[in-house]
Amino acid sequence: MEGIYLDNNATTLVDHLVKEAMDPFFTQMYGNPNSLHTFGTEVHPFMRLAMDRLYQGINAGDEDDIIVNSCATEGNNTVLKGIYFDVIRNSNKRQIITTQVEHPCVMNTCKFLETLGAEVIYLPVNRDGIVDVEILKSHLDPDKTALVSIMWANNETGLILPIKELAEFTKEKGVLFHTDAVQAIGKLKVDVKDVPADFLAFSAHKFHGPKGVGGLYIRKGLKITPLLHGGEQMSGKRAGTVNVAGLIGMGLAMELASQNLEYETKEVRRLRDKLEDAILAIPETEVIGKREIRTPNTILVSIRGVEGEAMIWDLNKNGIAASTGSACASESLEANPTFVAMDMNKELAHTGIRFSLSRFTTEEEIDYAIKALKDSVERLRVISSTYI
Ligand code: 7TS
């Protein structure tokens with residue numbers, strides 16, 4: 001069997017329909033959309049269609065904005081730094097509330113803003129690995145808090161945060177709410193009419209679109225200082241020539257994500273559960289977080305006696321791509337706030353391996369992965385017991 005890709009929280013296969021839709025915009029309709037000639041103007045209807053698809057995908061209204069940018073890292077930076085320039089720097093509201101489990105693009109931006117005088121509160125997760133509203137209630141102060149920024153779903157564990165309640169509470173208090181929805185789009189229903197977020201960031205490559213393009217939703221009436229200054233692209237809200245092919249691809253990828261949501265929540269979940277059950281049948285394994293509150297595609301597992309990285313290499317040799325849960329957010333799982341909060345067995349916490357499926361994952365691949373995984377655990381446990 002050819003390589004089996006079970007690292008879809010890192011990035012995804014570009015759907016061939018998306019690739020086909022993008023192709024003409026590299027070699028035929030390659031004009032700059034800001035040019036006045038036909039090469040420039042002929043791309044406008046395609047861009048408009050792609051924008052409509054983005055709006056529909058998250059149920060945004062006509063007066064809301066979606067800024068097309070390079071990725072969610074850019075979107076998250078735009079909101080956090082924009083709030084610094086627009087609010088924190090000029091008022092007594094100097095506080096950002098976020099969580100201890102955000103992606104580094106939020107975490108490190110907050111750390112940077114602290115050096116400029118922002119006060120940042122990093123909320124811990126509870127024993128279920130999520131941030132509950134009560135802890136937000138105990139910290140949010142409308143006189144001091146400029147922004148609450150909380151991810152929709154966690155990339156390492158797949159745990160889904162109670163984003164509607166968190167956003168509703170924040171809005172009731174008259175404070176701005178931002179969410180990093182990278183791991184939610186394509187896996188969960190993302191509806192900005194239902195969840196009253198003011199800002200929401202996403203990346204196309206996490207839902208079978210291309211890399212290098214993303215979006216930042218901004219609720220109607222809100223303004224934010226741009227991260228990039230320059231030309232008047234995106235009505236002056238994000239300078240730089242738009243990645244036209246990327247936008248076309250992202251629009252279609254968003255539409256396909258919505259169309260496939262039911263498949264994702266039923267079929268991808270079924271395959272995920274099959275893999276998870278097989279993993280849990282191996283003695284001394286632990287999966288982090290309750291299934292019901294995880295994205296349907298994600299498993300983060302700890303296997304006693306097996307180093308996460310050793311397992312990734314061993315699986316890779318057998319054609320399976322997985323990742324350590326710590327690839328992005330924390331250097332050691334033992335130090336990972338989710339594991340600390342969940343009071344995880346310290347010995348198990350050494351060994352995090354993340355499997356993340358997609359709508360392109362097949363039953364044969366899961367069957368093969370289950371077998372390869374069992375063999376790998378056996379091999380590595382023998383090796384580690386030899387060296388103890
Ligand atoms: N936010 C979350 C929640 C993410 O999972 C990621 C990428 C990003 C932001 C950044 O996305 P980008 O497109 O701007 O790079 N997460 C991961 C991951 O879990 N493994 O590799 C990348």
Side-chain angles (χ1 to χ4, degrees), residues 5-14 54 67-81 98-111 122-123 125 129-131 149-161 163 166 178-188 190 197 199-217 227-228 238 243 246-247 249-250 253-254 257 288-289 294-301 308-309 312 316 321-331 333 336-338 352-358:
Y5 187 75
L6 296 176
D7 197 14
N8 286 280
N9 284 9
T11 196
T12 58
L13 167 83
V14 176
L54 296 181
I67 296 181
V68 176
N69 56 22
S70 65
C71 60
T73 296
E74 183 183 328
N76 289 328
N77 268 265
T78 304
V79 175
L80 294 162
K81 290 175 182 166
T98 187
T99 79
Q100 293 178 0
V101 293
E102 299 296 313
H103 185 272
C105 67
V106 170
M107 201 64 114
N108 292 338
T109 307
C110 285
K111 296 249 159 78
Y122 301 90
L123 299 177
V125 291
I130 58 170
V131 172
S149 175
I150 298 185
M151 70 196 333
W152 196 302
N154 184 267
N155 47 313
E156 294 192 320
T157 57
L159 282 162
I160 303 163
L161 284 87
I163 211 72
L166 293 163
H178 168 56
T179 183
D180 171 356
V182 164
Q183 297 293 342
I185 303 235
K187 298 168 190 148
L188 305 168
V190 173
F199 309 101
L200 179 148
F202 55 89
S203 266
H205 71 104
K206 305 281 184 177
F207 51 93
H208 304 290
K211 293 171 189 57
V213 63
L216 175 64
Y217 162 83
L227 192 64
L228 303 183
R238 196 263 185 190
N243 176 350
L247 166 58
M250 176 161 69
M254 179 70 95
I288 287 71
R294 264 188 278 133
T295 45
N297 75 322
T298 307
I299 304 170
L300 180 62
V301 61
E309 268 187 35
I312 300 305
N316 189 46
S323 66
T324 54
S326 57
C328 249
S330 51
E331 277 163 19
L333 282 182
N336 181 313
T338 307
I353 299 143
R354 180 182 72 184
F355 298 96
S356 45
L357 287 66
S358 82

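Counting starts at 1 for both ligands and their atoms, following the listed order. Remember, predicted model here, so these are calculated numbers, not experimental data.
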**Message:** Applying side-chain hydrogen bond (donor to acceptor under 3.5 Å, both in side chains), can you list everything that pairs with N243, at least two apart in sequence or on another chain?
**Reply:** none
**Prompt:** Can you name the residues that form a side-chain hydrogen bond (donor to acceptor under 3.5 Å, both in side chains) with N69, not counting sequence neighbours?
**Reply:** none
Report, in ascending order of atom number, the atoms of ligand 1 lying under 4.0 Å from any heavy atom of [X].
{"X": "Q183", "result": "3 (C), 4 (C), 5 (O)"}
{"X": "C71", "result": "13 (O), 14 (O)"}
{"X": "R354", "result": "18 (C), 19 (O), 20 (N)"}
{"X": "C105", "result": "9 (C)"}

**Item:** Option set H205, M107, E102, H103, criterion heavy-atom distance to atom 4 (C) of ligand 1, minimum
**Value:** H103
**Prompt:** When you measure from atom 14 (O) of ligand 1 to each heavy atom in T11, D7, T73, which option holds the nearest one?
**Reply:** T73
**Asked** Looking at Y122, is K111 sitting on its ring face, NZ or CZ under 6.0 Å from the six-membered ring centre and within 45 degrees of the normal?
**Response** yes
**Message:** Please check whether K206 reaches ligand 1 - meaning an N/O of the residue sits under 3.5 Å from an N/O of the ligand, judged on distance alone.
**Reply:** yes
Just by distance, do the side chain of [X] and the backbone of [Y] share a donor-acceptor pair under 3.5 Å?
{"X": "D7", "Y": "A321", "answer": "no"}
{"X": "Q183", "Y": "N9", "answer": "yes"}
{"X": "T179", "Y": "I150", "answer": "yes"}

